[in-house]
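In what follows, chains are A, B, ... by sequence order, proteins preceding strands, each numbered from 1.
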Protein chains: 2
Amino acid sequence: MGPLGSYLPYLLNRAGARIATSFGEEVRPLGATLQIWRVLAALRERDGRRMGDLSATTSIDVSTLTRLVDTMEKKGLVARRRDPADARVVVLHVAPEGRRLTRKLLPIAERYEKVALQGFDAEEAEQLKAALRRLYANMDALESPHKVRG
Amino acid sequence: MGPLGSYLPYLLNRAGARIATSFGEEVRPLGATLQIWRVLAALRERDGRRMGDLSATTSIDVSTLTRLVDTMEKKGLVARRRDPADARVVVLHVAPEGRRLTRKLLPIAERYEKVALQGFDAEEAEQLKAALRRLYANMDALESPHKVRG
DNA sequence: TCTAGATATTTGCATTTGCAAATATCTGGC
DNA sequence: GCCAGATATTTGCAAATGCAAATATCTAGA
C-alpha cells in the first residue's frame with residue numbers, strides 16, 4: 001500500500017481541517033466559530049428546528065450542541081423555546097442578533113466556497129460534492145448496525 | 001445561497017468525520033486510534049522522522065503529537081531518539097510492537113479505503129483524490145501570510 | 001567566544017469534544 | 001389513571017485539541 005498521502009480518509013481530513021481552521025480564524029473577530037455558523041446556516045434554512053434535528057443536519061453531537069446553544073443564547077444569537085405540544089422538545093429560533101451575524105457570515109462562507117474551488121469548473125465542483133455525499137452514504141456499510149446517523 | 005448541505009466545507013467535514021469516527025471505533029480494540037495509525041503509517045513510509053516532519057505529514061499539531069508520542073512510547077510502539085547531530089531534534093523510530101500493530105492496521109485501512117470508495121471506478125477515485133489535494137492547496141490563497149503549513 | 005535571533009520540542013492551560021448516565025416527558029397498554 | 005418503555009435533551013466526566021509560553025539547542029556575526 002502507498003504512502004499516507006494517498007489514503008482517502010487522510011486527504012479528506014486534511015482538506016477539511018484546513019478549511020475549517022482557516023474559516024474559524026476568519027470569523028473569530030466577529031465572535032463566531034465554524035460551529036456557530038453551521039447552526040445559523042441550518043436555522044436560516046429553516047427556523048424553529050429542534051435540537052436533535054439540528055444535531056443531525058449540522059453533524060454536531062447533540063451534547064456538544066446543547067453547550068454550543070448555551071453560548072449562542074448568551075450571545076443573543078438564538079432563543080430556546082419549549083415545544084408546547086411536546087415538552088421534551090426544545091426548538092431553536094434565530095434572534096435579531098443572530099440574523100445580523102448570519103448576514104455578515106454569508107459572504108465569508110461564499111468566499112471560502114469560491115476559494116476552495118478555485119480552478120474547478122461548475123461541473124467538477126458538482127462532481128466533487130456528489131462524490132462527498134456518496135462517500136458519506138457509503139459508510140453506512142460499515143456502521144455498527146445498532147447506531148443510526150442522520 | 002443554498003442550504004448547509006450544499007456547502008463544500010460542510011460536506012467535506014461530514015464525510016471526513018464519519019470515516020474517522022468509524023475507523024476509530026474499529027481499531028480501538030487493537031489499542032489504536034486514527035492518529036496512532038497516521039503516525040505509524042508515516043513512519044512506515046519513512047522511519048526516523050523528526051517531530052516537526054511528522055506533524056506536517058500527518059496534519060497533527062506538533063503539541064498534540066508530542067503527547068500522542070508519549071502514549072505511543074508507553075505502549076512500546078515507537079522510540080524517541082535525540083539526533084546526535086542536532087540535539088534539538090527528536091527522531092521517531094518504530095519499535096517491534098509498532099510494526100506488529102501496523103501489520104494489523106494496514107488491512108483495516110485498506111478495507112476502509114475500499115468501502116468508502118464503493119461504486120467509484122479507479123478513475124473517479126483518482127479524480128476525487130486529486131480534487132482533495134487541489135482543495136488543500138487552494139487554501140494557500142487564504143492562509144494568513146505569516147503562517148506556513150506543510 | 002559571546003550574544004541575539006532562529007529553530008525544535010515540550011509544557012501550561014483553557015476549550016472542545018463525545019460517550020454514557022441522568023433527567024424530563026411522552027405513549028400505548030392495562 | 002398508572003406503568004413500562006420510548007424519545008428528547010442535558011449533565012458529568014475524561015480525553016483530545018491547539019494556541020501561546022517556556023525550554024533547549026543551534027547558528028551566524030561581532
Side-chain angles (χ1 to χ4, degrees), chain A residues 13-14 16-18 20-25 28 31-39 48-75 78-92 144 146-150, chain B residues 13-14 16-18 20-25 27-28 31-39 48-75 78 80-92 144 146-150:
Chain A
N13 274 246
R14 188 181 70 152
R18 187 166 191 186
T21 300
S22 190
F23 184 86
E25 282 172 15
R28 193 178 330 159
T33 65
L34 175 62
Q35 308 293 53
I36 286 180
W37 158 243
R38 294 234 163 103
V39 172
R49 303 175 97 149
R50 49 170 70 187
M51 299 294 286
D53 179 9
L54 277 171
S55 167
T57 73
T58 59
S59 281
I60 300 171
D61 183 274
V62 64
S63 73
T64 302
L65 186 63
T66 285
R67 286 176 273 242
L68 178 60
V69 168
D70 290 346
T71 308
M72 292 179 73
E73 259 192 319
K74 274 183 217 134
K75 287 174 182 275
V78 294
R80 271 186 177 98
R81 276 188 227 155
R82 282 270 156 207
D83 183 339
D86 183 343
R88 291 171 302 180
V89 172
V90 168
V91 293
L92 257 202
S144 3
H146 61 286
K147 271 202 182 180
V148 177
R149 266 171 213 269
Chain B
N13 274 242
R14 188 181 68 152
R18 186 166 192 186
T21 300
S22 190
F23 185 85
E25 280 171 17
V27 300
R28 194 179 327 159
T33 65
L34 175 62
Q35 307 293 51
I36 286 181
W37 157 243
R38 294 233 163 103
V39 171
R49 302 176 97 148
R50 49 170 70 188
M51 300 293 287
D53 179 8
L54 278 172
S55 167
T57 74
T58 60
S59 281
I60 300 172
D61 183 273
V62 65
S63 72
T64 303
L65 186 63
T66 285
R67 285 175 273 241
L68 178 61
V69 168
D70 290 345
T71 308
M72 292 179 73
E73 259 192 318
K74 273 182 218 134
K75 286 173 183 277
V78 294
R80 272 186 176 96
R81 279 188 225 154
R82 282 269 157 207
D83 183 340
D86 183 342
R88 290 171 302 180
V89 172
V90 168
V91 293
L92 258 203
S144 4
H146 61 285
K147 271 202 181 178
V148 178
R149 266 172 213 268

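Atom-to-atom distance recorded for A:R50:CZ and A:L92:CG is 12.0 Å, nearest 0.5 angstrom. Rounding to the nearest 0.5 Å places OG of B:S59 at 8.0 Å from CZ of B:R38. Atom OG1 of B:T58 sits about 12.5 Å away from atom CD1 of B:I36, to the nearest 0.5 Å. One finds the CD atom of A:Q35 at 8.0 Å from the CG atom of B:N13 (value rounded to the nearest 0.5 Å). Atom OG1 of A:T21 is separated from atom CD of A:E25 by 7.0 Å, given to the nearest 0.5 angstrom. Taking CE from A:M72 and NZ from A:K75, the interatomic distance works out to 9.5 Å, rounded to the nearest 0.5 Å.
Summary for the helix from C:dT1-D:dA30 to C:dC30-D:dG1: the axes at its two ends, each from 5 pairs, differ by 0° when rounded to the nearest 10 degrees.
In this structure the side chain of A:M51 never reaches within 4.5 angstrom of the side chain of A:S55, judged on heavy atoms. Using a 4.5 Å heavy-atom cutoff, the side chains of A:T57 and B:R14 are not in contact.
The CG-C1' distance, from B:D86 to D:dA24, rounds to 10 Å in whole Å. Atoms CG (A:L34) and P (D:dG18) sit 13 Å apart, rounded to a whole Å. Rounded to a whole Å, the CG atom of A:L65 is 8 Å from the P atom of D:dT10. Separating the CE atom of B:M51 from the P atom of D:dA24 is a distance of 17 Å, rounded to the nearest angstrom. Taking atom CE of residue A:M72 and atom P of nucleotide D:dT10, one finds them 14 Å apart after rounding to whole Å. For A:N13 and D:dA16, the CG to C1' distance is 14 Å, given to the nearest whole Å. For B:I36 and D:dT17, the CD1 to P distance is 11 Å, given to the nearest whole Å. B:R82 has its CZ atom 15 Å from the P atom of D:dT23, to the nearest Å.
When heavy atoms are screened at a 4.0 angstrom cut-off, A:R80 is found touching the sugar-phosphate backbone but no base atom.
Residues A:R80 and A:D70 are paired through a salt bridge, judged by an N-O separation under 4.0 Å between the basic side chain and the carboxylate.
Looking at the side chain of A:S63, the nearest of the listed nucleotides D:dT25, C:dC19, C:dT9 is C:dC19.
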Between the protein and nucleotides 3-7 of chain C, which nitrogen or oxygen pairs come in under 3.5 angstrom?
from: C:dT7; atom 1: O4'; to: B:R88; atom 2: NH1; distance (Å): 3.4
from: C:dT7; atom 1: O2; to: B:R88; atom 2: NH1; distance (Å): 3.0

Heteroatom pairs (N/O) under 3.5 angstrom, protein to nucleotides 13-17 of chain C:
from: C:dC13; atom 1: N4; to: B:R67; atom 2: NH1; distance (Å): 3.4
from: C:dT17; atom 1: OP1; to: A:Q35; atom 2: NE2; distance (Å): 3.4

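Considering B:V62, B:V90, B:L65, B:I60 in turn, B:L65 is the only one that fulfils the side-chain contact (heavy atoms from CB on, under 4.5 Å) rule with B:L54.
Within 6.0 Å of the CZ atom in B:R82, the count of heavy atoms belonging to other residues, nucleotides or ligands exceeds 12.
Comparing A:S59 and B:V91 by the nucleotide of DNA chain C whose heavy atom lies nearest to each, the residue mapping closer to the 5' end is B:V91.
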